[in-house]
2 protein chains.
Amino acid sequence: MHDTTDEKFIETIGLIWQAEGNPRIAGQILACLILSDDPRSLSEIAETLGVSKASVSTNVRMLEARGLTEKVSRVGQRIDLWKAVPHPQGATLRAMSQRFRRNADRITEIAHDFGPEARGKQDKVAQFGDFYRSSADFLEQWADQLDKAAPARTTAPHIEDETENHG
Amino acid sequence: MHDTTDEKFIETIGLIWQAEGNPRIAGQILACLILSDDPRSLSEIAETLGVSKASVSTNVRMLEARGLTEKVSRVGQRIDLWKAVPHPQGATLRAMSQRFRRNADRITEIAHDFGPEARGKQDKVAQFGDFYRSSADFLEQWADQLDKAAPARTTAPHIEDETENHG
DNA sequence: CATATTGTTCAATATGTACTGAACGAACTG
DNA sequence: CAGTTCGTTCAGTACATATTGAACAATATG
């Protein structure tokens with residue numbers, strides 16, 4: 001099934017992501033970049049995973065939006081190189097937190113829709129929403145904690161000025 | 001779109017569950033039972049949600065396995081009545097925790113597969129697994145805290161009888 | 001300008017699985 | 001025993017969406 005340990009890791013992370021309701025390829029890309037020491041181009045990733053460049057393009061940007069991958073621009077190079085962020089834990093938790101908070105808001109809004117005549121339902125729904133909200137708070141707090149513990153990155157995008165001066 | 005606030009809640013929870021990679025109907029059933037003061041029969045639930053009894057049967061038992069619903073047996077009554085557990089938060093967190101722990105185990109195992117000659121990869125993968133494991137610990141701890149804070153049920157709803165083998 | 005390379009967009013397809021209907025078994029009644 | 005009612009199982013279908021191929025835009029070179 002798995003030829004190499006690399007592939008095993010890539011496929012496992014892909015399956016885990018899929019089980020969480022995400023595209024499998026997104027997880028595979030992340031795993032691929034985590035294993036790689038150097039940033040990889042879109043084409044390299046696509047070939048490694050045996051998928052289309054279109055998928056990689058879409059999903060690597062989704063990962064970027066979640067704060068899990070970064071583009072590494074090289075001066076004088078048009079090509080986009082991608083790397084996994086050094087400590088993805090904080091971003092992962094923060095993404096979860098945001099989802100929870102959105103859910104909390106939606107549910108709380110519904111709780112308000114229940115008039116005072118349905119006090120019982122209103123309370124139960126509100127309680128449900130509160131749970132989501134406190135979960136969001138909790139996860140966010142934890143993410144902060146992790147990010148503090150980990151060597152902090154500056155938010156500025158990393159630029160390799162590895163310019164080889166052409167003759 | 002939504003006729004009643006009840007339906008709005010039911011559909012919203014269904015969508016949230018679906019976004020998490022679960023069957024939508026499972027979330028709808030849970031929402032339905034949360035809104036209901038009295039336990040509901042399988043047929044009632046099916047009619048309320050406009051879905052087949054087969055789906056309700058399957059999903060309500062999935063919810064039970066996760067500790068979110070309970071069967072209420074009545075003496076001299078063959079019919080199964082279902083209710084949502086009083087405080088589903090703990091069970092929700094515990095289910096998440098278990099998923100995280102399974103993921104952690106799988107990843108750690110892969111980390112071991114990397115020989116010492118691939119120290120860099122081994123470390124990165126192990127770190128990844130550790131994150132999942134500490135997340136699992138964290139969630140479980142929190143679940144305990146919530147369950148302690150909430151009025152304890154007299155009947156212990158332990159679902160942990162299933163021995164968790166790593167294999 | 002033409003040509004080459006790279007990344008994105010989007011309609012079409014492939015794929016997984018949620019959901020259903022029908023058949024079945026179990027538990028009760030008369 | 002035959003006749004109901006209820007829950008589960010399972011093969012088949014429907015449906016959502018992940019993924020692709022091709023067209024396109026953008027950027028560079030000469």
Side-chain angles (χ1 to χ4, degrees), chain A residues 10-33 39-66 69-83 157 160 163-167, chain B residues 10-11 13-33 39-66 69-83:
Chain A
I10 289 171
E11 291 180 22
T12 300
I13 300 297
L15 291 175
I16 289 176
W17 272 64
Q18 191 169 35
E20 307 256 345
N22 302 117
R24 171 192 291 192
I25 286 188
Q28 293 181 332
I29 293 172
L30 182 62
C32 171
L33 292 179
R40 296 278 169 202
S41 74
L42 199 145
S43 310
E44 282 175 328
I45 300 170
E47 191 181 5
T48 301
L49 302 180
V51 299
S52 71
K53 296 203 305 181
S55 280
V56 177
S57 172
T58 304
N59 284 284
V60 82
R61 276 177 293 133
M62 177 221 274
L63 290 168
E64 184 186 31
R66 296 198 191 178
T69 58
E70 286 175 343
K71 218 187 280 192
V72 179
S73 1
R74 275 196 188 157
V75 288
Q77 257 291 16
R78 186 151 63 92
I79 230 172
D80 287 341
L81 296 179
W82 293 91
K83 55 175 284 210
E160 287 184 355
T163 14
E164 40 180 306
N165 36 359
H166 59 292
Chain B
I10 289 172
E11 291 181 21
I13 300 297
L15 290 176
I16 289 175
W17 272 65
Q18 191 171 36
E20 306 257 344
N22 301 117
R24 170 193 294 192
I25 286 187
Q28 292 181 333
I29 292 172
L30 182 62
C32 171
L33 292 179
R40 297 279 168 200
S41 75
L42 198 144
S43 310
E44 282 174 328
I45 300 171
E47 192 181 3
T48 301
L49 302 181
V51 299
S52 71
K53 294 203 307 181
S55 279
V56 177
S57 172
T58 304
N59 285 284
V60 83
R61 277 177 292 131
M62 177 221 273
L63 289 168
E64 185 185 30
R66 296 198 191 177
T69 60
E70 287 175 343
K71 216 187 281 192
V72 179
S73 3
R74 279 198 185 152
V75 287
Q77 257 290 17
R78 185 152 64 92
I79 239 175
D80 288 341
L81 296 180
W82 293 91
K83 56 175 282 212

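Each chain gets a letter, A, B and so on, in the order its sequence line appears, and its residues count up from 1. Values reported hereafter were calculated over all heavy atoms of this structure, with side chains retained and with hydrogens, waters and symmetry mates removed.
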It should be established whether B/Ser55 places a side-chain nitrogen or oxygen under 4.0 Å from OP1 or OP2 of nucleotide C/dC19. no

Please encode protein proximity along nucleotides 6-11 of chain C as a string of B, S and -, counting only heavy-atom distances under 4.0 Å. SSBB--

Do A/Asp80 and A/Leu42 come close enough that some side-chain heavy atom pair is under 4.5 Å? no

Determine the minimum heavy-atom distance between B/Asn59 and B/Ile25, stating which atoms define it. ND2-CG2, 3.8 Å

Considering non-hydrogen atoms only, spot the tightest contact between B/Gly27 and B/Trp17 and give its length. CA-CG, 3.6 Å

Give the rounded distance in Å between these two atoms: CG of B/Asn22 and C1' of C/dG16. 16 Å

Where A/Val72 and A/Pro39 come nearest, the two heavy atoms and their spacing: CG2-CG, 4.1 Å

Whole-Å gap separating P (D/dC15) and CG (B/Leu15): 17 Å

Flag, side chain of A/Thr48 to backbone of A/Glu44, donor-acceptor distance under 3.5 Å: yes

Distance in angstrom units between A/Ile25 CD1 and C/dT15 P, rounded: 13 Å

What is the distance, rounded to the nearest whole Å, between atom CD of B/Glu44 and atom P of D/dC6? 11 Å

Length of the CZ-C1' vector between B/Arg24 and C/dT20, whole Å: 15 Å

Rounded to whole Å, please give me the gap between CD in A/Gln28 and P in D/dA18. 14 Å

In whole angstrom, what separates B/Leu49's CG from C/dA18's P? 17 Å

Which heavy atom of A/Ser41 sits nearest a heavy atom of A/Leu81, and at what distance? N-CD2, 3.7 Å

Rounded to whole angstroms, how far apart are CH2 on A/Trp17 and P on D/dA18? 13 Å

Searching all strands shown, indicate the nucleotide that pairs with D/dT8 (Watson-Crick or G-U wobble; both distances under 3.5 Å). C/dA23

